[in-house]
Amino acid sequence: MDDSSVLLATWNVNSLRARMDRVMEWMACAKPDILCLQETKMPDSAFPADVFRDAGYDSIHHGDGGWNGVAILSKMALSDADTGFGDGADELGCRLVSAMCGNTRIVSVYVPNGREVASEYYNGKLEWLANLKRYINTRHVPEERLVICGDFNIAPDDRDVWDPKAFVGLTHVSAPEREALHDLISWGLYDCFRIHYSQSGLYSWWDYRGGAFHQHRGMRIDLVLATRPVAEECSFALMDRTARKGKQPPDHVPVAVWLDMQR
DNA sequence: ATGGTTGCGAAGCAA
């Protein structure tokens with residue numbers, strides 16, 4: 001990692017209020033250039049933009065209460081920020097924020113969980129994913145510098161779940177969810193983590209219950225998707241399992257990618 | 001054993 005590489009990370013923090021000390025600690029250690037957050041679980045009025053500014057980060061937040069909430073932090077100035085799908089489509093509550101960061105468009109997303117297959121929430125998840133595809137397709141082209149990252153609440157394939165047999169009939173792995181994600185990716189995106197790793201058993205999330213983390217029962221549902229111009233510059237990727245350890249850990253860990261691009 | 005844990009908000013609900 002030379003001085004010209006940019007470190008971009010995405011992290012579902014499961015309440016920024018509860019995780020602020022950990023987030024600041026991780027940022028001081030990893031020094032990401034760009035950090036996308038999900039599940040801040042706070043309204044814009046509570047978002048600590050001043051604290052991040054003091055730490056050297058510009059920021060944009062989109063949240064309206066105790067659930068969901070997404071943000072982008074950046075050492076470079078953010079501009080042309082936008083929230084939601086912007087076309088009147090129901091975004092199911094503060095799940096998308098976007099901004100220009102240098103010459104690259106950054107989108108931070110928190111895809112709905114879906115709760116149970118065939119539920120109204122599951123159908124809403126599929127609809128939200130279709131809206132995301134439409135949002136991207138109407139505003140961007142694959143030749144642009146574009147990153148869409150966040151908690152997709154979908155394990156792209158069976159390598160990304162600890163036991164596929166245990167997930168039969170459950171959300172996050174169902175064919176319609178995976179097809180919706182594939183439909184988005186096939187528009188012209190690359191899964192940056194998979195550029196560097198092909199093996200199974202590498203996860204970004206572990207259930208709090210049942211000692212799942214220590215039993216290696218997790219899923220890879222937090223993704224950094226990028227168009228070809230950005231993906232070609234992706235020299236390395238990591239999911240920081242250390243962030244799942246210690247006191248009051250979040251259930252997700254940061255997914256980080258190094259991009260050899262000019263600042 | 002429809003369990004288990006965490007956060008929100010102040011009791012269940014969402015994940």
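Computed from a predicted model, the values in this text were never measured in an experiment. A, B, ... follow the sequence lines: proteins, then strands. Residue 1 opens every chain.
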Looking at Y203(A), is R220(A) sitting on its ring face, NZ or CZ under 6.0 Å from the six-membered ring centre and within 45 degrees of the normal? no

Between CD1 of I154(A) and P of dA15(B) the distance, given in whole Å, is 14 Å

To the nearest angstrom, the CG-P distance between N113(A) and dT5(B) comes to 19 Å

Rounded to whole Å, CZ of R217(A) lies from C1' of dA15(B) at a distance of 19 Å

If the cut-off is 4.0 Å, is R209(A) near the phosphate of dG3(B), judged by side-chain N/O to OP1 or OP2? no

To the nearest angstrom, the NE2-C1' distance between H172(A) and dA15(B) comes to 8 Å

Taking the inter-plane angle between the rings of H196(A) and F236(A) on a 0 to 90° scale, is it parallel (under 30°), tilted (30 to 60°) or perpendicular (over 60°)?
perpendicular

Whole-Å distance, K125(A) NZ to dA14(B) C1', equals 14 Å

Whole-Å distance, N68(A) CG to dA14(B) C1', equals 10 Å

Determine the Euclidean distance between corresponding P atoms of dG3(B) and dG12(B); express it in Å to zero decimal places.
15 Å

Would you be so kind as to tabulate the donor-acceptor pairs closer than 3.5 Å made by side chains of residues 43-54 of chain A, with sequence neighbours excluded?
residue, atom, partner, partner atom, Å
D44(A), OD1, H61(A), ND1, 2.7
D44(A), OD1, G63(A), N, 2.9
R53(A), NH2, D58(A), OD1, 3.2

Separation of dA14(B) atom P from R95(A) atom CZ, nearest Å, is 12 Å

request  = May I ask you to decide if A243(A)'s main-chain N or O and R22(A)'s side chain share a donor-acceptor pair within less than 3.5 Å?
outcome  = yes

Task: salt_bridge(R178(A), D158(A)) N-O dist < 4.0 Å - done: yes

Between G211(A) and G114(A), whichever has its closest DNA chain B nucleotide further toward 5' is G211(A)

Rounded to whole Å, CD of E116(A) lies from P of dC13(B) at a distance of 13 Å

TODO: Compute whether any side-chain donor of one residue and acceptor of the other, for Q38(A) and T10(A), lie under 3.5 angstrom apart.
DONE: yes

Below 3.5 Å is the cut-off: list the nitrogen or oxygen pairs between protein and nucleotides 6-9 of chain B, distance only.
residue, atom, partner, partner atom, Å
dG7(B), OP1, R19(A), NH1, 3.1
dG7(B), OP1, R19(A), NH2, 3.3
dG7(B), O3', S15(A), OG, 3.4
dC8(B), OP1, S15(A), OG, 2.4

